[in-house]
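Take a look at the structure below.
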Amino acid sequence: MSGNLFGTIASRIDDPAAPFLTLPDGTTISYQDMIALSGQYANALARLGVTKGDRVAVQTQKYKECFWLYLACLRTGAIYLPLNSAYTTAEVEYFAGDAEPVLFVCDPDRKDDLTTMLSGLGIGHVETLDADGTGSLSIRAEQMSPSFDTIELSGDDLAAILYTSGTTGRSKGAMISHDNLRSNAEALVDIWRFTSSDILLHALPIYHTHGLFVATNTVLLSGGSMLFLPKFDLDEVMKMMPRTTAMMGVPTFYIRLLTRDDFTREAADHMRIFISGSAPLSAEIHRSFTERTGKAILERYGMTETNMITSNPYDGLRKPGAVGFALPGVTVRIADPETGSVLENGEVGVIELKGPNVFKGYWRMPEKTEQEFRPDGFFITGDLGYFDDEGYVTISGRDKDLIISGGLNVYPAEVENALDEQPEISESAVIGLPHGDFGEGVTAVVVASGKGSVNETALRSRLEGQLAKFKTPRRIIELDALPRNTMGKIQKNVLRERFKDLYAE
Ligand code: MLC
Ligand code: AMP
């Protein structure tokens with residue numbers, strides 16, 4: 001049997017006329033439409049010369065057409081490579097140079113800029129997608145036959161590459177196979193009890209694991225449907241919620257819902273499940289949500305490299321502040337970060353795991369890949385945690401210098417490099433500080449070089465040309481010197497403590 005994930009999706013369709021995707025205006029796209037549309041896009045890809053193993057990079061706003069393209073990649077055996085729409089051209093240049101896509105798909109208003117950059121890399125095929133379905137790739141697809149024979153491939157073949165920022169240096173492309181996606185989606189359908197009666201409120205971006213794989217593949221394998229929103233807009237989410245049964249989001253979604261007086265027990269009553277992940281959901285928000293709605297958010301934990309790892313139970317206690325138990329087929333252990341020896345329950349160490357969900361390594365970085373695995377095959381997440389008395393995994397920190405803002409990862413080293421290149425700065429430390437809306441607020445502490453004064457506004461706008469906006473520090477603080485330990489290492493914990501109330505209301 002072929003290992004193609006699309007084959008699994010197609011084989012599970014009981015009712016081809018059932019809706020797969022609904023738009024806010026009520027337009028519905030059925031499962032049979034989904035098959036036909038993905039077939040047209042697959043034929044368009046084939047006509048453009050895309051074949052198995054080729055990378056198809058996509059950097060657009062959130063359009064339903066992205067799904068047809070994603071599914072077309074599965075069907076042709078091409079590797080889907082989604083990129084955050086906030087990335088600047090300079091950032092995209094690195095990804096494109098590293099992944100060497102044969103086709104780059106972007107928004108019409110970015111086409112000129114990106115084409116110039118991409119042609120310098122020898123990437124000639126640039127197509128567009130847009131909100132009203134008139135992008136050049138959609139027009140090509142429209143002219144194609146809807147029938148396409150999904151190719152047979154091994155479950156180990158790659159379905160996608162998702163870039164995750166490196167702790168030091170370069171971003172790494174996580175290679176995700178068809179089996180990785182299938183095994184994880186099957187486990188999630190099972191433990192979260194998704195069925196064809198579910199309608200998922202889909203307000204997440206679809207360039208990351210959460211919105212693309214966790215949300216979409218779970219719906220596709222359960223025969224349910226999704227109400228498709230182009231982004232998380234609180235008014236729109238409130239308006240659409242009555243038409244749905246389930247929601248997946250980052251903690252910021254739930255924090256924002258709680259700011260609404262009309263988000264009441266009655267408003268949430270019909271919802272079967274609220275799921276949170278990608279960043280820590282504070283126990284306080286978890287409890288406030290339950291007080292308000294009578295429902296406990298189901299928190300789960302995952303990573304680009306591994307898909308989902310643990311989840312709180314559907315039945316039983318959804319414990320505030322804990323991320324639950326290993327998914328079926330996944331083994332989680334807590335180890336000493338230095339030695340790798342397995343620790344006792346209750347002891348804090350690095351979270352490690354093994355299972356069919358674990359990726360195939362970093363694209364063209366075998367050494368980096370090796371460093372992230374133990375000799376016995378366990379993947380080292382870099383997250384710190386422990387098993388509590390009842391066996392729930394609890395995340396207590398990170399063994400990696402990472403900030404998560406609104407569910408988006410920011411690696412301080414990347415921001416520090418950009419800051420240190422500015423003439424008026426001699427050195428910098430970038431830290432995450434508690435932020436009521438985004439969880440952590442990206443903050444820079446800098447020391448002036450003496451070559452010109454440090455102007456926060458001017459610096460921020462210069463950085464915005466180089467770095468995606470969500471990485472740009474919300475605040476830049478100037479100090480005479482950075483605190484260092486006796487080894488000369490910057491003490492970020494001292495800075496975090498000193499400025500912990502910076503974003504407090
Ligand atoms: C947008 N901005 C952000 C930001 N998102 N800044 C910091 N952090 C973010 N996450 C910028 C905008 O460019 C804007 O800049 C300003 O902040 C305010 O924008 P906003 O209107 O408040 O933001 P909004 O568009 O509402 O977006 C916030 C958000 C969004 C939380 C809804 O970021 C989001 O959907 N996040 C989800 C990310 C996600 O899916 N992560 C999953 C990764 S997968 P300005 O200057 O123009 O005002 C993963 C694995 C796993 O982690 O386990 O799931
Ligand atoms: P990414 O590289 O974008 O996939 O982000 C993965 C990281 O997000 C993990 O390594 C964790 O640090 C974090 N993360 C995901 N889910 C949770 C959660 N429920 N609680 C705390 N951290 C989480």
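This one's a predicted model, so the numbers in the text were calculated from it and none came from an experiment. All ligand and atom numbering here is 1-based and tracks the order in the structure.
For atom 1 (P) of ligand 2, the closest non-hydrogen atom of the protein is N409 ND2, 3.1 Å. In terms of protein heavy-atom proximity, atom 7 (C) of ligand 2 is nearest to G302 O, 4.0 Å. Atom 48 (O) of ligand 1 has K469 NZ, 4.9 Å as its closest protein atom, hydrogens excluded (heavy atom only). Among all non-hydrogen protein atoms, the one lying nearest atom 13 (C) of ligand 2 is I404 CD1, 3.4 Å. Atom 53 (O) of ligand 1 has as its closest protein heavy atom R300 NH1, 2.7 Å. Nearest to atom 12 (O) of ligand 2 among the protein's heavy atoms is D383 OD1, 2.6 Å. Protein heavy atom closest to atom 21 (C) of ligand 2, with residue, atom name and distance, is P280 N, 3.4 Å.
Within 6.0 Å of the CZ atom in R292, the count of heavy atoms belonging to other residues, nucleotides or ligands exceeds 12.
Ring centroid separation for the pair Y392 and F387 does not come in under the 6.0 Å cut-off.
Note that R318 lies in the cation-pi zone of Y314, set by a 6.0 Å cut-off to the ring centre and a 45° limit from the axis. For K64 and F228, the positive end is not near the middle of the six-membered ring at less than 6.0 Å and at most 45° from its axis. Figure legend: cation-pi geometry between R333 and F378, with NZ or CZ positioned under 6.0 Å from the six-membered ring centre and within 45° of its axis.
At least one N/O-N/O distance between E299 and ligand 2 falls below 3.5 Å. Remark: ligand 1 and F253 share no N or O pair separated by less than 3.5 Å (distance only, no angle test). In terms of polar-atom proximity, defined here as any N/O pair under 3.5 Å, K400 does make such a contact with ligand 2. Close N/O approach between T304 and ligand 1 is not found [any backbone or side-chain N/O within under 3.5 Å]. At least one N or O atom of S278 sits closer than 3.5 Å to an N or O atom of ligand 2. Annotation: R256 places an N or O atom under 3.5 Å from an N or O atom of ligand 1; distance criterion only. Residue-to-ligand polar distances keep H208 apart from ligand 1: every N/O pair is separated by 3.5 Å or more. Considering backbone and side-chain N/O of E305, none are found under 3.5 Å from N/O of ligand 2. Looking at ligand 1, you'll find an N or O of G406 within less than 3.5 Å of one of its N or O atoms.
Of the listed options S278, G407, A279, S278 places a heavy atom closest to atom 51 (C) of ligand 1.
Within the 4.0 Å heavy-atom criterion, the part of V323 lying near ligand 2 is the side chain and not the backbone.
Salt bridge status for D262 with R260: present, with a side-chain N to carboxylate O gap under 4.0 Å.
In this structure, a donor-acceptor pair under 3.5 Å is present between the side chains of T245 and D198.
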